[in-house]
Asks: 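Once you've had a glance at the structure underneath, I'll fire off some questions.
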Amino acid sequence: MKILLAEDDNDMRRFLVKALQNAGYDVASFDNGLSAYNRLREEPFELLLTDIVMPEMDGIELARRATELDPEIKVMFITGFAAVALNPDSQAPRDAKVLSKPFHLRDLVDQVDKMMAA
């Protein structure tokens with residue numbers, strides 16, 4: 001199962017990649033939405049895991065574009081700004097999940113496992 005991770009905080013990105021790889025996932029990670037989007041255009045991923053507030057392209061725009069490219073891709077936002085993702089005006093994908101920071105890495109892996117099994 002391939003996960004595309006977009007997170008601009010370097011330490012957070014490293015922790016997330018390590019936790020997901022330890023759980024058996026193949027992870028490609030990027031520090032901004034634009035780079036992640038360009039990778040999505042090259043190959044399919046099962047899950048987009050993205051921060052919301054990032055430079056160049058925010059996570060909501062990235063998620064919108066990702067679901068245009070692949071309507072089957074699952075989306076999870078990891079954010080300290082959950083209210084932004086949950087706002088109906090944000091145009092975030094309807095069935096996207098939101099994991100609010102701070103969270104325990106075990107919680108992240110559990111949520112990803114559930115999404116991948118669905």
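The structure displayed is predicted, hence computed values, not measured ones. What you see below is based on every heavy atom in this structure, not just the backbone, and it leaves out hydrogens, waters and symmetry mates.
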Asks: Once you round to the nearest 0.5 Å, how far does OG1 of Thr50 lie from CE of Met57?
Replies: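 Spacing of OG1 (Thr50) from CE (Met57) equals 10.0 Å.
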
Asks: Could you pull out every donor-acceptor pair under 3.5 Å between side chains of residues 107-118 and any protein atom, sequence neighbours left out?
Replies:
unit_1 : atom_1 : unit_2 : atom_2 : d
Asp110 : OD1    : Arg106 : NE     : 3.2
Asp110 : OD1    : Arg106 : NH2    : 3.0
Asp113 : OD1    : Tyr25  : OH     : 2.5

Asks: When you check the gap from the basic side-chain N to the acidic O, do Glu61 and Arg65 get nearer than 4.0 Å?
Replies: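 Counted as a salt bridge, because a side-chain N and a carboxylate O are separated by less than 4.0 Å.
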
Asks: Which residue pairs satisfy the salt bridge (charged side-chain N to carboxylate O under 4.0 Å, His left out) criterion with at least one member in residues 32-46, sequence neighbours excluded?
Replies: Lys2-Glu43, Arg39-Glu43

Asks: When rounded to the nearest 0.5 angstrom, what distance separates CG in Asp8 from CE in Met54?
Replies: 6.5 Å

Asks: Any side-chain heavy-atom pair from Pro93 and Phe77 closer than 4.5 angstrom?
Replies: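 A side-chain contact exists here, since the closest heavy-atom pair is under 4.5 Å.
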
Asks: Measuring from Phe15:CZ to Glu7:CD, what's the distance to the nearest 0.5 Å?
Replies: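 Rounded to the nearest 0.5 Å, the CZ-CD separation comes to 12.0 Å.
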
Asks: Kindly compute the distance separating CG (Asp70) from CG (Leu40), expressed to the nearest 0.5 Å.
Replies: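 Separation between the atoms: 8.0 Å.
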
Asks: Please find the pair of heavy atoms, one from Ile73 and one from Phe45, that lie closest to each other, and give the distance.
Replies: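 So the two residues come closest at CG1-O, 3.5 Å.
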
Asks: What are the two closest heavy atoms between Leu48 and Ala63, and how far apart are they?
Replies: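 Heavy atoms only, the tightest pair is CD2-CA, 3.8 Å.
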
Asks: Would you call Lys101 and Asp51 a salt bridge, using N to O less than 4.0 angstrom?
Replies: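 The answer is yes: the pair qualifies as a salt bridge.
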
Asks: Check Met76 against Leu47 and note the closest heavy-atom contact, atom names and distance.
Replies: N-CD1, 4.1 Å

Asks: With no hydrogens and no angle check, do the side chains of Asn38 and Ser35 hold a donor and an acceptor under 3.5 Å apart?
Replies: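 Absent: no donor and acceptor within the cut-off.
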
